[in-house]
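What you see is a predicted model; the values in this text were computed from it and never measured.
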Amino acid sequence: MGFKEEIQRRRTFGIISHPDAGKTTLTEKLLLFGGAIHVAGAVKSNKIKKTATSDFMEIERQRGISVATSVMGFEYNDVKINILDTPGHQDFAEDTFRTLTACDSVIIVIDAAKGVETQTRKLMQVCRMRKTPVIVFINKLDRPSQDPFDLLDEIEKELQISVNPLSWPIGNGDTFKGVYNIYHKGLYLFNSGGQTLPEGIEIKDLDSPEFVKYIGERDAATLHANLELITGVYPALNRQEYLNAEVAPVFFGSALNNFGIKELLDCFIELAPSPLPRETEERTVHAEEEKFTGFVFKIHANMDPNHRDRIAFVKICSGIFRRNTNYLHVRNGKMLKFSTPTAFMASKKSVIDEAYPGDIIGLHDTGTFKIGDTLTEGEKLHFKGIPSFSPELFKYIENADPMKSKQLAKGIDQLMDEGVAQLFTNQFNGRKIIGTVGALQFEVIEYRLLHEYGASCRWESVNLYKACWIEALDAAELADFKKHKAQYMAQDKQGRDVFLADSQYMLQMAQENYKKLIFHFTSEF
């Protein structure tokens with residue numbers, strides 16, 4: 001198979017949603033169809049003893065939530081699919097925003113009873129900014145849920161995107177019987193309880209007596225009426241409009257019971273884009289280019305607690321990545337080669353010899369990588385759009401065990417490189433301040449410092465409103481500002497000046513009094 005064909009058969013996408021809408025369960029079911037696992041797990045369910053494949057950190061299994069983004073690849077109908085399962089909890093939003101930079105398209109999961117929730121709106125804004133194509137999967141139809149037409153109206157209004165249903169549910173809650181595939185014109189009926197792949201019954205003709213026998217006359221009549229209404233209201237799907245992020249195809253189903261997943265996957269591999277061109281500060285990089293380029297969008301420390309390893313997740317943007325070949329690390333100008341690049345299946349890894357655009361590989365990292373770093377065959381490129389956001393919660397971090405200060409320093413250093421949170425060093429008293437987007441991250445940091453580095457820490461609250469990165473148009477004004485605001489000045493891990501404002505009023509006054517300083521709320525300016 002040629003280079004171009006390999007690119008065409010790649011699909012890299014992220015699964016995003018509000019917590020508890022069923023992202024991780026959907027990921028498990030997709031892996032099941034791809035033959036990557038044989039029994040699917042659920043995040044929190046007493047019926048199922050196996051926990052989810054994509055939740056591999058101990059804290060995730062205890063809490064029943066996803067904390068880190070995990071990457072999984074599998075083959076389905078000769079298409080190579082890479083899934084990124086992201087955390088839904090808002091306290092880990094930053095990890096999710098960064099992961100979206102590595103996706104070519106996105107599946108948004110929505111709970112059929114609750115409809116569109118806050119976190120879904122926020123994530124959709126990020127997709128809109130980047131014009132990422134979106135497919136919506138409405139989940140949990142095996143429970144009592146809202147009317148499908150109402151849900152479609154709500155999605156159009158709340159997420160500001162036109163919708164186009166490509167499958168339609170038959171009943172909901174106790175009366176849920178299956179999903180009709182509008183796109184491929186067929187019906188696949190399952191028995192519920194899908195931990196393994198069930199045998200389904202396929203019906204092509206909606207007027208056949210067999211169809212009425214299976215779902216009953218009333219449901220058959222309702223489905224006919226609904227389908228007529230849908231063809232009247234929604235035009236046939238135009239793939240180009242989906243690729244331009246103007247229309248979102250919508251699917252219905254129940255991830256837990258395996259309804260509607262096959263319809264979603266079959267249409268997805270037909271519609272979704274293969275690897276797209278990427279913007280860099282210098283030029284646009286196309287997937288078909290011969291020379292290799294890629295960027296680091298995530299770093300994960302201690303994927304295997306026994307080995308203390310750090311792994312940099314690299315998204316390949318163009319060319320072929322080959323094992324044991326020298327590549328330029330653009331930021332520090334060094335040539336590096338990698339003897340054990342890995343492909344992922346959650347925490348299981350396998351060494352690969354080559355990888356193509358769209359693939360996500362893991363490179364062993366001894367501290368050389370930061371989030372946003374670029375690897376090329378020699379050209380100096382800088383990929384755009386991987387910012388750190390201004391944190392909203394701040395605490396001083398103190399060492400609780402003087403014998404373990406080295407372990408604590410190393411732990412903080414590695415977890416901050418991972419982008420879990422941000423570290424600011426106060427220039428006035430030298431104390432270390434950790435800034436996060438959500439409160440749960442403090443718990444995760446404390447838990448991981450103790451269990452992965454053997455270091456214990458103590459938190460002390462500090463009352464701050466925002467951290468802003470400062471860009472100076474006039475050096476004298478910056479010096480004056482630093483002198484007057486000495487106790488509010490800090491440096492981030494890269495040594496950039498950061499102003500820690502303790503109230504909104506203080507920030508407004510600083511902006512009014514110092515016209516030649518620009519205050520930024522993301523680190524990428």
Side-chain angles (χ1 to χ4, degrees), residues 90-98 100-101 118 121-123 125-126 128-130 279-281 297 331 370-373 382-397 412 415-439 441-442 445 460-525:
Q90 65 180 36
D91 291 4
F92 305 101
E94 204 165 315
D95 193 22
T96 305
F97 292 150
R98 276 199 294 259
L100 288 175
T101 58
T118 23
R121 279 188 215 102
K122 277 190 194 163
L123 292 162
Q125 280 172 344
V126 178
R128 262 205 306 279
M129 264 164 40
R130 300 229 161 85
E279 292 298 322
T280 65
E281 285 169 23
F297 67 93
R331 185 173 50 84
K370 283 183 187 157
I371 287 171
D373 279 350
H382 299 85
F383 283 94
K384 285 206 261 195
I386 312 174
S388 292
F389 295 86
S390 170
E392 287 165 25
L393 299 171
F394 302 87
K395 285 185 181 181
Y396 283 122
I397 184 164
I412 294 175
L415 292 179
M416 297 307 125
D417 277 352
E418 227 181 274
V420 176
Q422 293 173 57
L423 176 69
F424 303 106
T425 309
N426 190 318
Q427 297 303 186
F428 190 63
N429 55 18
R431 291 180 76 182
K432 290 186 171 13
I433 298 173
I434 303 271
T436 68
V437 182
Q441 265 163 294
F442 291 115
I445 292 169
E460 195 180 308
S461 44
V462 46
N463 188 20
L464 292 173
Y465 164 67
K466 266 255 189 285
C468 327
W469 285 269
I470 298 178
E471 185 185 356
L473 304 175
D474 175 0
E477 190 155 314
L478 178 65
D480 182 54
F481 180 76
K482 281 172 136 175
K483 197 171 92 189
H484 282 95
K485 301 276 188 238
Q487 68 218 62
Y488 299 106
M489 290 307 296
Q491 285 193 340
D492 69 2
K493 208 162 177 291
Q494 276 76 48
R496 290 175 295 200
D497 284 324
V498 178
F499 170 51
L500 304 172
D502 65 359
S503 66
Q504 191 172 359
Y505 173 73
M506 181 179 175
L507 179 61
Q508 275 171 332
M509 290 309 290
Q511 285 168 319
E512 281 170 28
N513 296 337
Y514 293 90
K515 292 276 191 262
K516 291 183 179 165
L517 299 183
I518 306 169
F519 297 87
H520 294 279
F521 298 105
T522 66
S523 63
E524 194 185 68
F525 50 81

**Student:** About how many Å separate CD1 of I434 and CD1 of I397, when rounded to the nearest 0.5 Å?
**Tutor:**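 Between atom CD1 of I397 and atom CD1 of I434 there are 4.5 Å.
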**Student:** What residues, two or more places apart in sequence or in another chain, satisfy side-chain hydrogen bond (donor to acceptor under 3.5 Å, both in side chains) together with Q508?
**Tutor:**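 For Q508, no residue satisfies side-chain hydrogen bond (donor to acceptor under 3.5 Å, both in side chains) once neighbours in sequence are set aside.
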**Student:** Quick one: does L478's side chain get under 4.5 Å of D497's, heavy atoms only?
**Tutor:** yes
**Student:** Using the test side-chain contact (heavy atoms from CB on, under 4.5 Å), find all partners of R431 that sit at least two apart in sequence or belong to another chain.
**Tutor:**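 Result, side-chain contact (heavy atoms from CB on, under 4.5 Å) vs R431: Y396, E398, N429, E460.
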**Student:** Compile the donor-acceptor pairs under 3.5 Å between side chains in residues 510-518 and protein atoms, sequence neighbours left out, one pair per line.
**Tutor:**
unit_1	atom_1	unit_2	atom_2	d
N513	ND2	M509	O	3.3
K515	NZ	E512	O	2.9

**Student:** Which value, rounded to the nearest 0.5 Å, describes the distance between T425 atom OG1 and M489 atom CE?
**Tutor:**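 Going from the OG1 atom of T425 to the CE atom of M489 covers 12.5 Å.
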**Student:** Using the test side-chain hydrogen bond (donor to acceptor under 3.5 Å, both in side chains), find all partners of N426 that sit at least two apart in sequence or belong to another chain.
**Tutor:**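 Expected list: none.
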**Student:** Taking it one step at a time, do Q491 and Q427 satisfy side-chain contact (heavy atoms from CB on, under 4.5 Å)?
**Tutor:** CA-CA 7 Å; Q491 285 193 340; Q427 297 303 186; 2.7 Å; yes
**Student:** A side-chain contact here means heavy atoms from C-beta on lying under 4.5 Å apart; do N463 and D502 qualify?
**Tutor:** no
**Student:** On a heavy-atom basis, which atom in L100 and which in L123 lie closest, and how many Å separate them?
**Tutor:**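 Scanning both residues, the minimum pair turns out to be CD1-O, 4.4 Å.
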**Student:** Where do T436 and A421 come nearest, in terms of heavy atoms and distance?
**Tutor:**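 Heavy-atom minimum between the residues: CG2-CB, 3.7 Å.
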**Student:** Quick one: ring pair (Phe, Tyr, Trp, His ring centres under 6.0 Å) partners of F442, sequence neighbours excluded?
**Tutor:** W459
**Student:** Considering only heavy atoms from C-beta outward, does the side chain of K485 approach that of F499 to under 4.5 Å?
**Tutor:**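 Result yes, sub-4.5 Å side-chain heavy-atom pair found.
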**Student:** Is K466 atom NZ crowded by more than 12 heavy atoms from other residues, nucleotides or ligands, each under 6.0 Å away?
**Tutor:** yes
**Student:** Compare every heavy atom of F424 with every heavy atom of P391, then report the nearest pair and how far apart it is.
**Tutor:** CG-CE1, 3.8 Å
**Student:** Nearest 0.5 Å, what's the CD-CZ distance between E471 and R496?
**Tutor:** 11.5 Å
**Student:** What's the separation between atom OG1 in T101 and atom CD in E279, rounded to the nearest 0.5 Å?
**Tutor:** 13.5 Å
**Student:** Which atoms form the tightest heavy-atom contact between F521 and A467, and what is the distance?
**Tutor:** CD2-O, 4.4 Å
**Student:** I'd like to check the side-chain contact (heavy atoms from CB on, under 4.5 Å) partners of Q125; sequence neighbours left out, ordered by chain and number.
**Tutor:**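 Listed in chain order: R128.
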**Student:** Are side-chain heavy atoms of K370 and Q494 found at a separation under 4.5 Å?
**Tutor:** yes
**Student:** State, with a plain yes or no, whether a side-chain heavy atom of F481 is found less than 4.5 Å away from one of I470.
**Tutor:** yes
